[in-house]
Amino acid sequence: NPAAVATGTAGHVLTSAGAGAPPTFAAVAANAGTLSFQARISGNLSVSATTQTELVYNAENTDSDAKYNVSTGRYTPGVAGTYFVSASVTFAPSSNVGVGASGYLKIRANGTGTEFGQTSNQGSGDSNDEAWNANAVITLGSSDYISVWWYHTATAGSMLSDQSWFSGFRIA
């Protein structure tokens, strides 16, 4: 059944009032979109085969609150909340990947434990560049950090510069 929706105030967003109730306007959460960053790999980064590697995106495009560390590749917002994070790499294998070989790109909180946004694939029998992406919504405590990890079963290679990035922002 159609229902009238009251006029909102400038800067407010339309929110659900629950099943059977008309939506209402509300102020955007004060922390949404804060603590944002984006980093990239500024030069090709060599990675080994059969070794879990914490990737270091060593150049910042933006870092609104200086919470990303270009030396460690870790984002430590210092504020408990829920964050959207995204990582991407373009992997140039140093040799034929081989059918059945596999690899993964993972986003981890605190380097161990639960892994978020994992992507993986199996080899195609060639040495073409491969693009990998992972996205996640992660709830962090005030001392937690987020980083990106790489592993490949068959071949070493390079993460290509400026085609590999890591970014995120606080959503709640």
Side-chain angles (χ1 to χ4, degrees), residues 5-45 47 51-91 103-121 130-152 158-172:
V5 176
T7 304
T9 302
H12 284 193
V13 295
L14 196 59
T15 59
S16 173
T24 59
F25 283 92
V28 175
N31 53 14
T34 63
L35 295 165
S36 62
F37 77 100
Q38 184 178 49
R40 69 185 188 288
I41 295 173
S42 67
N44 292 354
L45 174 66
V47 291
T51 303
Q52 290 194 40
T53 303
E54 186 173 20
L55 299 179
V56 177
Y57 296 77
N58 61 352
E60 292 177 325
N61 290 343
T62 185
D63 187 4
S64 66
D65 296 282
K67 302 294 184 177
Y68 181 77
N69 186 320
V70 295
S71 297
T72 64
R74 296 176 177 180
Y75 176 61
T76 311
V79 177
T82 302
Y83 295 81
F84 174 81
V85 291
S86 182
S88 176
V89 294
T90 298
F91 176 60
Y104 64 69
L105 178 69
K106 295 181 180 186
I107 299 170
R108 290 183 175 160
N110 302 318
T112 59
T114 304
E115 296 165 336
F116 305 88
Q118 174 179 327
T119 59
S120 62
N121 79 348
E130 301 174 346
W132 299 64
N133 297 288
N135 302 292
V137 174
I138 304 174
T139 300
L140 300 174
S142 61
S143 62
D144 293 335
Y145 70 87
I146 305 167
S147 60
V148 180
W149 289 75
W150 170 260
Y151 179 84
H152 203 283
S158 296
M159 299 303 168
L160 299 180
S161 65
D162 294 328
Q163 295 180 34
S164 301
W165 47 263
F166 179 31
S167 61
F169 58 91
R170 187 172 181 204
I171 58 176

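The side-chain heavy atoms of T76 and D144, taken from C-beta on, include no pair separated by under 4.5 Å. Between Q52 and H152 there is no side-chain heavy-atom pair separated by less than 4.5 Å. Residues E60 and V70 form a side-chain contact, since some pair of their non-hydrogen atoms from C-beta on lies under 4.5 Å apart. Within the 4.5 Å cutoff, the side chain of Y75 has heavy atoms near those of the K67 side chain. W150 places none of its side-chain heavy atoms less than 4.5 Å from the side chain of T51.
The shortest non-hydrogen separation linking S158 to N44 is CB-CB, 4.3 Å. Minimum interatomic distance between L140 and A109 (heavy atoms only, all atoms of both residues): CD2-CB, 4.2 Å. The two atoms that bring L105 and A87 nearest to each other are CD2-O, 4.0 Å, heavy atoms only. Closest approach of R170 and A80 over heavy atoms only: NH2-O, 3.0 Å. Closest approach of A136 and F116 over heavy atoms only: CB-CB, 3.5 Å. Taking each heavy atom of G73 and S147 in turn, the nearest pair found is O-CB, 3.9 Å.
Separating the CZ atom in R108 from the OH atom in Y145 is a distance of 9.5 Å, to the nearest 0.5 Å. Rounding to the nearest 0.5 Å gives a distance of 11.5 Å between OG of S88 and CH2 of W132. For the atom pair CD1 of I146 and OH of Y83, the computed distance is 8.0 Å after rounding to the nearest 0.5 Å. Taking CG from N135 and CD1 from I107, the interatomic distance works out to 6.5 Å, rounded to the nearest 0.5 Å. In this structure, CG in N58 is found 7.5 Å from CG in L45, a value given to the nearest 0.5 Å.
Between Y57 and Y68, the ring centre distance reaches or exceeds 6.0 Å. Close placement of the Y104 and Y151 rings is indicated, their centers lying within 6.0 Å of each other.
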Does the side chain to side chain contact (heavy atoms under 4.5 Å, CB included) test come out yes or no for S36 and S64, once each step is laid out? CA-CA 6 Å; S36 62; S64 66; 3.6 Å; yes

Trace of the side chain to side chain contact (heavy atoms under 4.5 Å, CB included) decision for M159 with F91: CA-CA 5 Å; M159 299 303 168; F91 176 60; 4.0 Å; yes

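Here the side chain of T15 pairs a donor or acceptor atom with the backbone of T24 at under 3.5 angstrom. Without hydrogens or angle criteria, T90 side chain to Q163 main chain gives a donor-acceptor distance under 3.5 Å. D65 contributes no side-chain N or O that, together with a main-chain N or O of P77, makes up a donor-acceptor pair within less than 3.5 Å.
Residues meeting the side-chain contact (heavy atoms from CB on, under 4.5 Å) test with T72, sequence neighbours left out: N69, R74.
Counted by atom type alone, W165 and S167 present zero donor-acceptor pairs between their side chains at under 3.5 Å. A donor-acceptor contact closer than 3.5 angstrom is absent between the side chains of T62 and Q38.
Using a 30° and 60° split on the angle between ring planes, F169 and F84 fall in the tilted class, from 30° to 60°.
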